[in-house]
Trainee: 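Right, I'll just put the structure down here and ask away after.
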Amino acid sequence: MDSEEVENVSGLIKVYRDGTIVRHPPTFVKASLQGEGGVASKGVVLNETLGLWVRLYLPSSHLPQQTEKRRLRLIVYFHGGGFCLFSPAEPDIHNFTLKLTESVGAIVVSVAYRLTPEHRLPAAYDDCITALQWVSSHAVDGGDFERDPWLHSHADFSQVYILGDSAGANNAHHGVVRSGGVEAWSPLKIRGAIFVQPAFSAEKRTRSESECPPDAFLTLQEGDACWRISLPVGSNRDHPFCNPWSDGAPNMEEVTLPPLLVAIGGRDMLRDSNHVYCESLKQCGKSVEVMVLEEEGHAFYALKPHCQSSERLMERISRFISSSPSESVIDVTDAAG
């Protein structure tokens with residue numbers, strides 16, 4: 001191994017000049033069919049060759065031994081981590097997803113997409129599309145995927161939402177855009193998307209990037225390092241994957257997006273780019289709700305899950321999702337038969 005280190009992401013990933021990648025051993029939390037805090041979870045492999053899998057979360061009231069038959073809204077969740085870190089089994093992400101499932105009362109599909117730098121973008125975007133294809137396969141007869149009984153029996157495919165935080169929100173944005181917009185997923189009905197502190201940037205620094213304090217949870221140096229090991233080789237931060245308004249980026253006026261809720265941290269380095277994202281989408285005629293949590297930095301909902309801002313965020317997500325009335329209150333036995 002060439003001992004010259006060329007990239008270091010918070011000590012968790014080190015990249016050496018000869019291409020060697022050294023990762024700090026991750027921490028995993030096992031899924032639990034018995035349930036944690038009223039929520040059961042399990043893993044499902046979608047593509048063993050690619051290492052693509054999901055973790056499903058279901059309110060325990062809907063387990064087979066229970067009598068609840070109401071179909072549930074479905075959330076497809078893409079976790080953050082700078083494109084290069086974590087999975088649905090990481091403790092903070094797992095706990096956030098448990099809380100999301102319980103608070104909203106939905107089935108959640110948490111996607112373990114391929115990570116950079118081993119798999120540079122657009123690999124994660126392709127995995128986003130594959131995960132949505134798997135979910136969509138449950139809404140039609142036939143298909144190339146094996147059906148999961150939790151989704152088949154309990155999910156309301158007319159009430160689907162996409163949620164992503166940080167890099168996961170970037171993944172979700174590009175996954176939907178690259179697939180041709182939400183209309184491409186019929187008969188699956190994507191009713192809305194929630195993006196929490198979405199990761200976008202550009203070569204020109206925003207004020208919040210330039211003024212980011214060195215003790216922030218996400219610093220400018222860390223953000224830049226994540227982009228360098230994630231974007232296609234030879235690209236800079238004006239690549240459309242990073243800057244969706246740069247030359248060569250899709251024309252958002254031509255893409256059908258669902259209504260959006262975007263949560264912004266007032267002390268997050270990404271806040272200015274988040275505001276630009278929201279205002280630009282509004283100018284393209286998109287429906288965008290903005291929630292600003294003035295006192296919060298990046299990933300506060302994972303670092304401080306019980307703080308007032310985290311509770312407010314979860315309440316706003318629940319309200320956004322519940323504002324669209326369910327079309328399917330269906331007896332499970334009828335749906336399965």
Trainee: Is the shortest heavy-atom distance from the side chain of Val54 to the side chain of Pro88 under 4.5 Å?
Mentor: no
Trainee: Check this for me, if you would: do Arg267 and Glu295 make a salt bridge, where the nitrogen-to-carboxylate-oxygen distance has to be below 4.0 angstrom?
Mentor: yes
Trainee: Which is it for Met291 and Leu313 under the side-chain contact (heavy atoms from CB on, under 4.5 Å) test, yes or no, and what are the steps along the way?
Mentor: CA-CA 8 Å; Met291 179 185 192; Leu313 174 64; 4.2 Å; yes
Trainee: Short question: side chain of Thr116, backbone of Phe83 - any donor-acceptor pair under 3.5 Å?
Mentor: yes
Trainee: So how far is it from Cys242 SG to Asn236 CG, rounded to the nearest 0.5 Å?
Mentor: 8.5 Å
Trainee: Taking all non-hydrogen atoms of both residues, which atom of Cys307 and which atom of Glu296 are closest, and how far apart?
Mentor: SG-OE2, 4.4 Å
Trainee: If hydrophobic residues (ILVMFWY) are linked whenever their side-chain heavy atoms come closer than 4.5 Å, directly or via other members, who joins Val29 in its cluster?
Mentor: none
Trainee: Output every pair passing side-chain hydrogen bond (donor to acceptor under 3.5 Å, both in side chains) with a member in residues 274-286, not counting sequence neighbours, ordered by first then second residue.
Mentor: His173-Tyr277
Trainee: If you measure only the distance, is there a donor-acceptor pair under 3.5 Å linking the side chains of Ser166 and Gln197?
Mentor: no
Trainee: How many angstroms lie between OH in Tyr161 and CD1 in Ile194, if you round to the nearest 0.5 Å?
Mentor: 8.0 Å
Trainee: Are side-chain heavy atoms of Phe78 and Ile162 found at a separation under 4.5 Å?
Mentor: yes
Trainee: Tell me whether Asp238 is salt-bridged to Lys204, with the criterion being a basic N under 4.0 Å from an acidic carboxylate O.
Mentor: no
Trainee: What are the two closest heavy atoms between Ser322 and Arg73, and how far apart are they?
Mentor: O-NH2, 3.9 Å
Trainee: Would Phe96 and Tyr77 count as a ring pair (Phe, Tyr, Trp, His ring centres under 6.0 Å) if you check the C-alpha gap in whole Å, the side-chain angles of each, and the deciding distance to 0.1 Å?
Mentor: CA-CA 11 Å; Phe96 171 79; Tyr77 170 51; 5.6 Å; yes
Trainee: Go through the steps to decide whether Asn95 and Thr97 satisfy the test side-chain contact (heavy atoms from CB on, under 4.5 Å), and finish with yes or no.
Mentor: CA-CA 5 Å; Asn95 291 333; Thr97 317; over 6 Å; no
Trainee: Any idea which heavy atoms bring Val39 and Ser60 closest together, and the distance?
Mentor: N-OG, 3.4 Å
Trainee: Name the residue from Thr219, Asp165, Asp268 that meets the side-chain hydrogen bond (donor to acceptor under 3.5 Å, both in side chains) definition with His298.
Mentor: Asp268
Trainee: Do any pairs count as a side-chain hydrogen bond (donor to acceptor under 3.5 Å, both in side chains) and have a residue in residues 41-53, sequence neighbours left out, and if so which ones?
Mentor: Lys42-Asp148
Trainee: Report the residues that fulfil side-chain contact (heavy atoms from CB on, under 4.5 Å) with Ser287, sequence neighbours left out, ordered by chain and then residue number.
Mentor: Pro259
Trainee: Could you grab the distance from atom CG of Leu293 to atom CZ of Phe300, nearest 0.5 Å is fine?
Mentor: 4.5 Å
Trainee: Is Leu281 close to Met252 at the side-chain level, that is, under 4.5 Å between some pair of heavy atoms?
Mentor: yes
Trainee: Please determine, by modelled atom types, if Glu5 and Asn8 share a side-chain donor-acceptor pair under 3.5 angstrom.
Mentor: yes
Trainee: I'd like to know if Val262 and Leu270 are part of one continuous hydrophobic network [Ile/Leu/Val/Met/Phe/Trp/Tyr, side-chain heavy atoms within less than 4.5 Å].
Mentor: no
Trainee: Is there a chain of hydrophobic side chains (I, L, V, M, F, W, Y, each step under 4.5 Å between heavy atoms) that links Val182 to Val109?
Mentor: yes
Trainee: Taking Ser318 for the side chain and Met314 for the main chain, is one N or O donor matched with an acceptor at less than 3.5 Å?
Mentor: yes
Trainee: Using 0.5 Å steps for rounding, measure from the OG1 atom of Thr20 to the CD atom of Glu4.
Mentor: 12.5 Å
Trainee: I'd like to check Asp224 versus Arg237 (side-chain heavy atoms, cut-off strictly below 4.5 Å). Are they in contact?
Mentor: yes
Trainee: Can you get from Phe200 to Leu121 by hopping between Ile, Leu, Val, Met, Phe, Trp and Tyr side chains that sit under 4.5 Å apart?
Mentor: no
Trainee: Could you tell me if the ring centre of His138 sits under 6.0 Å from that of Phe145?
Mentor: no
Trainee: For Val233, which fellow cluster members are found when Ile, Leu, Val, Met, Phe, Trp and Tyr are connected by side-chain heavy-atom distances below 4.5 angstrom, either directly or through intermediates?
Mentor: none
Trainee: Determine whether the side chains of Ser201 and Trp227 contain a donor N or O and an acceptor N or O closer than 3.5 Å.
Mentor: no
Trainee: Taking C-beta and beyond as the side chain, do Cys128 and Val111 meet within less than 4.5 Å on heavy atoms?
Mentor: no
Trainee: May I ask you to test the Glu90-Thr27 pair for a side-chain heavy-atom distance under 4.5 Å?
Mentor: no
Trainee: Quick check against the 3.5 Å criterion: does Ser323 have a side-chain atom that pairs as donor or acceptor with the backbone of Phe320?
Mentor: yes
Trainee: Classify the angle between the aromatic ring planes of His239 and Phe241 as parallel (below 30°), tilted (30 to 60°) or perpendicular (above 60°).
Mentor: tilted
Trainee: Quick one: are Leu58 and His154 in side-chain contact, heavy atoms under 4.5 Å?
Mentor: yes
Trainee: Applying the side-chain hydrogen bond (donor to acceptor under 3.5 Å, both in side chains) criterion to His94, which one of Arg55, His79, Lys30 satisfies it?
Mentor: Arg55
Trainee: So does Glu7 pair up with Lys14, basic N to acidic O under 4.0 Å?
Mentor: no
Trainee: What pair of heavy atoms forms the shortest contact from Arg191 to Ser158, and how long is it?
Mentor: NE-O, 2.7 Å
Trainee: If I compare all heavy atoms of Ser210 with all of Arg205, which pair ends up nearest, and what's the gap?
Mentor: OG-CB, 3.4 Å
Trainee: So, for Ser230 and Gly82, which heavy atoms are closest and what is the spacing to 0.1 Å?
Mentor: OG-O, 3.6 Å
Trainee: Under a 4.5 Å side-chain heavy-atom rule over Ile, Leu, Val, Met, Phe, Trp and Tyr, are Leu218 and Leu115 clustered together?
Mentor: no
Trainee: Checking Tyr57 against Leu98 for the side-chain contact (heavy atoms from CB on, under 4.5 Å) test, could you report, in this order, the C-alpha distance in whole Å, the side-chain angles of both residues, the deciding distance, and whether it holds?
Mentor: CA-CA 7 Å; Tyr57 295 79; Leu98 286 173; 3.8 Å; yes
Trainee: Among residues two or more places apart or on two chains, list those pairs meeting salt bridge (charged side-chain N to carboxylate O under 4.0 Å, His left out) that have a residue in residues 111-121.
Mentor: Arg23-Glu118, Arg114-Asp127
Trainee: Would you say that Val288 contacts Phe195 through its side chain, given a criterion of any heavy-atom pair below 4.5 Å between the two side chains?
Mentor: no
Trainee: For the atom pair CZ (Arg316) and CD (Glu311), what is the distance rounded to the nearest 0.5 Å?
Mentor: 15.5 Å
Trainee: Determine whether Ile13 and Val6 fall in the same hydrophobic cluster, where Ile, Leu, Val, Met, Phe, Trp and Tyr are linked whenever their side-chain heavy atoms lie under 4.5 Å apart.
Mentor: yes
Trainee: Could you grab the distance from atom CD of Glu203 to atom OG of Ser246, nearest 0.5 Å is fine?
Mentor: 10.5 Å
Trainee: Could you check whether atom CG of Asn251 has more than 12 heavy atoms from other residues, nucleotides or ligands sitting under 6.0 Å from it?
Mentor: yes
Trainee: Establish, from distance only, whether the side-chain atoms of Asn170 and Tyr125 form a donor-acceptor pair under 3.5 Å.
Mentor: yes
Trainee: Tell me, with the steps shown, if Arg70 and Asp156 meet salt bridge (Lys or Arg N to Asp or Glu O under 4.0 Å).
Mentor: CA-CA 9 Å; Arg70 175 176 54 91; Asp156 182 352; over 6 Å; no
